[in-house]
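In what follows, every heavy atom counts, from backbone to side chain, and hydrogens, waters and symmetry copies are set aside.
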Amino acid sequence: MKLLKSNILLFLGMFLLVGVHSHAQDETEGVEFTMNLSKQELGVNERLRVDFTMNKDGDNFKPPQFEGFNVVMGPSQSISSSWINGKRSFSKTYTYILVPTARGSFTINQATIEIEGQTYKTTPQKVEVTAAVDKPNSQKTVDDVADENLHLVAEVSKGNPYMNEAVTVIYKLYVSPNVSVTNYRPLDNPTYNNFWSQDIPVTKHTAQNGTYQGKPYRYVVLKRVVLYPQKSGQLNIEPLSLEIFVDVPTNRRDFFGGRIYTSTSKTVSAGSRTINVKPLPEAGKPAGFSGAVGDFDFSVTTSKTQLNASESLQAKVEVSGKGNLKLFQLPEPELPSSLEVYDPEYEESINTYSSGMEGKVSNNYTIVPSFRGKYPIPSISFSFFNPGTGKYETISSEEINIEVVEGPTASSGTLAGPSSNKQVVVPTGDQFHFININPNLSAITSERFFGSNLFFILLFAPLVLIPIAIFTFKKREAIASDVVGNKIKRANRLARKYLSTAKKELGNKEAFYVALEKGLHNYLKAKLHIETSEFSKDKITSILSEKNVNNSDIQGFISLLTSCEMARYSPFSNVQMQQDYEKASEIISNLDKQL
């Protein structure tokens, strides 16, 4: 019997010793922080996936600069934690998707992270970027699918226009039925150097059916602009670049069998276009040509042809039609010098369509005759180049005779000859007056300072300022003595400090809860001086209880950490994220009042 008891005690002791050794081995397990590349050699048209993986959670992760590559996606974060045969397995990975910017040999430098108070670094790795390769059998990523199903096209109406002839550029976004566009934003708008440009607003984005490279697509017109080239030769139309937000279907299915979509963003560009602008021909160019290009009508009209002296009439010089209506000068009439002519009033009524500008422009002259007689308004000529016929055309107005039936008679030389921009002076009464011999002047007096309004203001101002200063001093003293109020204000500022990053990520579930969890951890680390390895819920509960923190605040803090962990695997709404943020701010404020 004694032998049996001794064997049982020996067995229990060995079991406890093995358990303690196993626990100590788990605690002293080495920290691993590695960088894994999807491939060591890739084409310039391929993507590279870079994973930074650690077997223990850490803080202050810093990725390398990725020289020679552009980051098209990331960082995306994934966490795996499990218990197998009583042993905990943990893995956390930061993933980046890169595209090379040129061919050559590049190095992915080391990344760093802080784990248990120590800094760990990955080993740099070299990547060889070769010429573009065909990859028909490679697995397509979400970005590959988006690239194949999104195309931004710039359609130019004319590739060989004349100078100052309208050229229409329509930007269309072609979208395959396989993907769905949710939104877009412009990244780089063209400046259209060497062009006069006019945007045509797109009031409604309506999807239409069409084809792109022989395949059925839907397209939306995003931008329309009319250009008038201002010089001849090879002119470049700069590309339009957009960031498109798109939902791409995956091979996964949800609980009900529906296809799961993944959201991503792609940068698309319409590409640079070059047009060859022809100069206007020199042969047959009229002497009065002012740069009008299009198809126009020309007229000169007056509001009346018979009037009295000192009355006014309106003379209108008008050009109407289709062309560069805003880019030339109207001809000016030559009027007799005996007519008083005021500066013209410019009027325009122009609409811009996809084919160019249409409408009319005019100069309205106000004319006032001073003498009786007949005044001819000579014929005026307007010349323009018609790109439809490739020839210059000239339109002349008819001569208009103005008859002044009543008024003074001018001398014989006054009526002749065109106007030389001199106005006639007409006597209107007494031109000179006698000097006033009774000026009724008064002496200039200077105002004295003593007894003035300023004197009394400066005298009584100190009496008014003294009570204000006393009141201000007492108010500041009361605020300083409010210990509880000042502590609440400091606590609120502290909460905003640690939760500022989380507030910026509201609406982005994964980034928000990562920032929220990091803010809560950093707060306790700064307040209680404990390391990251001690961040278990039981440890936090024990420490806060020892600090005499209210049980409701402890439970609120633990529930927030639980929400951060569940958010990685469960859908959370924007309302839930806002409530968790407000709850975190309240919990930090309450804890700071008690610690």
Side-chain angles (χ1 to χ4, degrees), residues 36-39 45-53 70-82 89-99 135-152 173-185 205 207 209 212 215-220 242-268 502 504-517 562-581:
N36 299 314
L37 305 181
S38 61
K39 55 183 70 177
N45 59 333
E46 292 185 290
R47 286 181 169 85
L48 176 67
R49 174 172 175 157
V50 184
D51 294 327
F52 299 96
T53 306
N70 287 331
V71 178
V72 296
M73 190 171 67
S76 59
Q77 180 177 317
S78 61
I79 296 177
S80 174
S81 180
S82 62
S89 174
F90 177 85
S91 176
K92 183 176 182 180
T93 303
Y94 291 95
T95 301
Y96 292 83
I97 304 298
L98 313 178
V99 293
K135 45 174 185 174
N137 298 324
S138 62
Q139 184 177 3
K140 293 183 179 179
T141 65
V142 172
D143 294 309
D144 294 332
V145 176
D147 281 337
E148 294 177 358
N149 293 275
L150 287 177
H151 307 281
L152 183 62
L173 177 65
Y174 285 86
V175 182
S176 170
N178 299 327
V179 298
S180 176
V181 173
T182 58
N183 202 356
Y184 78 96
R185 67 182 182 93
H205 298 100
N209 294 324
Y212 180 78
K215 298 180 181 180
Y217 273 79
R218 293 168 298 164
Y219 71 89
V220 176
L242 303 174
E243 182 180 14
I244 307 295
F245 300 92
V246 60
D247 290 340
V248 179
T250 65
N251 294 326
R252 296 178 295 153
R253 301 279 179 173
D254 58 18
F255 180 79
F256 300 99
R259 188 179 293 275
I260 297 177
Y261 283 76
T262 300
S263 298
T264 185
S265 63
K266 296 300 299 178
T267 299
V268 294
K504 296 177 182 178
E505 300 294 343
L506 277 171
N508 187 350
K509 185 198 73 169
E510 184 175 349
F512 168 76
Y513 280 104
V514 170
L516 181 63
E517 183 179 19
T562 304
S563 295
C564 293
E565 294 176 358
M566 293 178 60
R568 302 188 181 103
Y569 315 103
S570 304
F572 274 62
S573 64
N574 292 340
V575 176
Q576 180 66 38
M577 284 188 276
Q578 181 66 36
Q579 292 175 352
D580 287 344
Y581 172 79

Measure across [X] and [Y] and return the closest heavy-atom pair with its distance rounded to 0.1 Å.
| X | Y | result |
| --- | --- | --- |
| Leu516 | Cys564 | CD2-SG, 3.8 Å |
| Tyr513 | Met577 | CE1-CG, 3.6 Å |
| Lys39 | Leu48 | O-CD1, 3.3 Å |
| Val72 | Leu98 | CG2-N, 4.5 Å |

To the nearest 0.5 angstrom, please state how far the [atom1] atom of [X] sits from the [atom2] atom of [Y].
| X | Y | atom1 | atom2 | value |
| --- | --- | --- | --- | --- |
| Leu152 | Leu242 | CG | CG | 5.0 Å |
| Arg47 | Asn70 | CZ | CG | 11.0 Å |
| Leu173 | Tyr212 | CG | OH | 11.0 Å |

Practice problem: Measure up the Tyr217 and His151 rings against each other and bin them: parallel (under 30°), tilted (30 to 60°), perpendicular (over 60°). | Solution: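 Tyr217 and His151: perpendicular rings.
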Quiz item: Parallel, tilted or perpendicular for Tyr184 and His205, by the 30°/60° rule?
Solution: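 Ring orientation of Tyr184 relative to His205: perpendicular.
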Would you indicate whether the side-chain heavy atoms of [Y] and [X] approach each other to under 4.5 Å?
| X | Y | answer |
| --- | --- | --- |
| Asn36 | Thr53 | yes |
| Phe512 | Tyr581 | yes |
| Asn209 | Pro216 | no |
| Leu150 | Val246 | yes |

Exercise. Report the residues that fulfil side-chain contact (heavy atoms from CB on, under 4.5 Å) with Tyr261, sequence neighbours left out, ordered by chain and then residue number.
Key: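 Residues passing side-chain contact (heavy atoms from CB on, under 4.5 Å) with Tyr261: Asp247, Pro249, Arg259.
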Exercise. Could you list the residues that satisfy side chain to side chain donor-acceptor pair (under 3.5 Å) with Thr95, not counting sequence neighbours?
Key: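 With sequence neighbours excluded, Thr95 shows a side chain to side chain donor-acceptor pair (under 3.5 Å) to Asp51, given in chain and number order.
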Practice problem: Without swapping roles, check the side chain of Ser38 against the backbone of Arg49 for a donor-acceptor pair under 3.5 Å. | Solution: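 Indeed, once roles are kept as given, a pair shorter than 3.5 Å links the two residues.
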Practice problem: Show the numbers, then the answer: is there a side chain to side chain contact (heavy atoms under 4.5 Å, CB included) between Val220 and Val175? | Solution: CA-CA 8 Å; Val220 176; Val175 182; over 6 Å; no
